[in-house]
Amino acid sequence: MEWTSKKIRETFLDFYKRKDHQIVASAPMVVKNDPTLMFVNAGMNQFKEYFLGDSEPKNVRVSDTQKCLRVSGKHNDLEEVGVDTYHHTMFEMLGNWSFGDYFKKEAIEWAWELLTEVYKLDKDRIYISVFAGDKNDNLELDGESKEIWKGLIDETRILECDRKDNFWEMGETGPCGPCSEIHVDLRSEEERAQIDGKSLVNEDHPQVVEIWNLVFIQYNRKANGELVDLPNKHIDTGMGFERLAMALQNKKSNYDTDIFMPLINKVVSISGKTYGATDSKQDVAIRVIADHVRAISFSIADGQLPSNIGAGYVIRRILRRAIRYGYSFLALNEPFVNKLVEVLVAEMGGQFPEIKLQQSLITKVILEEEESFLRTLEKGISRFENYAAKNQDKNIDGKFAFELYDTFGFPIDLTELLASEKGLHVDMQEFLNCLQQQKDRSRAATIIKTDDW
Ligand code: SER
C-alpha cells in the first residue's frame, strides 16, 4: 500500500475510533486562555483541565491530530528547523487520550498494534525507552511499562532513560508524568550493520528518531517544583505525523515526504534554484521556507496576526526568518512567501478547513509583511554600503552589525556576506557581546511568574 500522508492520518484516527475513541478537531494553535502558554505545544494542552480534575470530559477516550507550534517556552525547536531534517516549527501530532480510563497496558499494546500490524513498520527497526526514575523527584524506574513492553519486544531493544527524555512536562507547571518513547531506525542495512541503532537513540541522529511518545500523566508540577498526585491517572500520547510519514514513505528526511514536497517544488520553481544539490545553505533555506509558511499561515488562520508584541512578534520573526533565508540564499528579493499559501491550502485544506476559509486574508497579510520587511532590508543594505564606504579598515564594528540586526532585522550571516563581498570582516566577538547583553535585558523583562493554574 502507498502510505500517502492523507492515508496515514485517516488510518490513525480510524484505528482509535475502532477502539471507542471520540475523534475531535484540532484546537486552534494560538492559545488565548492559558497564561503559561502562547501556542499549543502538545496535543494534550486542550485537555489540561480534565487531567487536573477541574472539569469532566464528555468522553473518556479521545483522539485527534493537533496542530502544534514549538517556538517558545519550554519546548522550542526554532533553531534546529531547516538546519536538520526532522524538526519543525508547526507540526501535526497524532494523539490518543484516556481521561481516567485505560492506562499503560492498553496505551502500549495499541500503539504497538497500530505501528506493527497496521502500518507494518519493521519490528527490528524499533527501540523503546522507559523512565529510569529520578532521585530528586523521588521517582523509581517505570518497571510496569518495561514489563508490558517485554511482552511485545525483545528486552535488548528497551532502554532506560532519565527524566530529560522520559519524564514529560507541559511547561514549568502543570500535568506531567513518566513516558515511554518509541523510536525508529531508518538507516540503510549497511549503516545498521556498522553501528547498533540502540546506541543512536536520543543522540540527535536524523534517521534514528523518536516517533511516538506515550505519557502516563499522574502528577501535577506545582510552581514551587513539588509533584502532587492527580486525582486520576491518564494517558496522553503524541506521534509526530511528519516523522511517521518519513518512516512509511521510506524517506531520509521529513521534507522528502508528500507533506513538504509540493511546497519545496513551488519554492524551487519561484527561485529557479535546485533542491538536494550540493549547496547546503540553499537546501536549508528551501526547508526553512517550506516549514515556516505552514506555521505562519495556520497562526493567521487561528487569529494571530504578525505584530510587535507577544505571540504576534513570534509569528513576525518566523515570517522574517523565511524572507531572510530566501533573500540571502535564494536571491529572492521580491515577495514570494505569499505565493506558497495556495499550495498549502491545496494540500492541507481538506483536513483543516480553517486554512481554506482564510486563504485570501492569509495571503494578503503575508504579502504586506513581505513588502514592508523587504523595504527594511533595503534600507539596512544602504546603511551598510554607507558604513563600508566610510570605514575601509577591514573590520565592521560589532556594534554596527548589532544595530543592523536589532533595528533592521538583519541576520548576522547577511552582514557577514555583504562584508565578505567587499573583503571586510565583522567583529563577531563584539557582536556576540551586544547580543548577549540584549538577551539578558529581554530575559529580565519577560520573566512572567504564573501561579498554579
Ligand atoms: N504530551 C506528549 C508530547 O507532547 C505526548 O503527547 O510529547
Side-chain angles (χ1 to χ4, degrees), residues 38 70-73 76-84 87 89 280-282 284-285 287-289 291-292 295-296 306-333 335 337 366 368-448:
M38 261 187 200
R70 289 193 170 172
V71 289
S72 58
N76 184 350
D77 296 330
L78 186 57
E79 292 312 315
E80 274 88 28
V81 174
V83 180
D84 75 20
H87 279 97
T89 51
S280 70
K281 283 219 162 144
Q282 195 169 296
V284 169
R287 286 197 289 271
V288 162
I289 294 161
D291 172 277
H292 288 12
I296 301 153
S307 76
N308 270 342
I309 48 161
Y313 188 52
V314 174
I315 298 308
R316 175 163 280 166
R317 275 184 26 224
I318 296 175
L319 177 50
R320 289 183 169 186
R321 191 166 185 257
I323 302 169
R324 273 164 18 196
Y325 268 87
Y327 187 93
S328 304
F329 303 113
L330 305 174
L332 290 168
N333 47 21
V337 182
I366 295 180
E368 273 171 28
E369 282 285 313
E370 287 194 273
E371 283 171 342
S372 111
F373 185 56
L374 285 167
R375 277 198 298 275
T376 309
L377 277 180
E378 264 159 34
K379 273 191 221 145
I381 289 175
S382 107
R383 272 189 70 90
F384 177 89
E385 295 293 341
N386 284 341
Y387 178 95
K390 283 191 209 131
N391 303 277
Q392 306 208 341
D393 59 357
K394 303 249 167 217
N395 234 352
I396 304 285
D397 187 13
K399 283 203 184 78
F400 176 69
F402 181 74
E403 185 196 320
L404 285 179
Y405 167 85
D406 200 31
T407 316
F408 295 91
F410 248 59
I412 189 63
D413 52 11
L414 181 55
T415 308
E416 280 185 302
L417 193 74
L418 292 172
S420 72
E421 280 168 4
K422 295 190 182 303
L424 303 174
H425 294 283
V426 179
D427 182 345
M428 281 305 291
Q429 194 49 53
E430 198 183 354
F431 171 81
L432 292 172
N433 289 344
C434 294
L435 190 64
Q436 191 53 47
Q437 284 163 15
Q438 190 213 38
K439 278 192 181 151
D440 293 344
R441 276 196 305 273
S442 78
R443 193 168 301 131
T446 56
I447 291 175
I448 306 169

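Computed from a predicted structure; not experimentally measured.
- The number of heavy atoms from other shown groups lying within 6.0 Å of OH (Tyr405) does not exceed 12.
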Test log, rule side-chain contact (heavy atoms from CB on, under 4.5 Å), inputs Arg383 and Phe400: CA-CA 10 Å; Arg383 272 189 70 90; Phe400 176 69; 4.0 Å; yes

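- Atom CD of Glu403 and atom CG of Asp397 lie 9.5 Å apart (nearest 0.5 Å).
- The shortest distance between side-chain heavy atoms of Phe431 and Asp427 does not fall below 4.5 Å.
- Distance check, rounded to the nearest 0.5 Å: CD1 of Ile396 to CD of Glu430 gives 11.5 Å.
- With values rounded to the nearest 0.5 angstrom, Thr376 atom OG1 is found 11.0 Å from Ile381 atom CD1.
- In this structure, CG on Asp406 lies 14.0 Å from NZ on Lys399, to the nearest 0.5 angstrom.
- To the nearest 0.5 Å, atoms CG (Leu424) and CD (Glu416) are separated by 12.0 Å.
- Asn433 and Gln437 share no side-chain donor-acceptor pair at under 3.5 Å.
- One N or O on the side chain of Glu370 and one on the backbone of Val337 form a donor-acceptor pair closer than 3.5 Å.
- Note that the NE2 atom of His87 and the CZ atom of Arg70 stand 8.5 Å from one another [nearest 0.5 Å].
- With Phe373 as reference, Arg324 is the one residue of Glu368, Arg324, Arg316 to meet the side-chain contact (heavy atoms from CB on, under 4.5 Å) rule.
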Candidate pair Arg317 and Val71, rule side-chain contact (heavy atoms from CB on, under 4.5 Å), full reasoning: CA-CA 10 Å; Arg317 275 184 26 224; Val71 289; over 6 Å; no

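- Under the 4.5 Å side-chain criterion, counting only non-hydrogen atoms from C-beta, His292 is in contact with Val81.
- Between Leu377 and Tyr327 the shortest side-chain heavy-atom distance falls below 4.5 Å.
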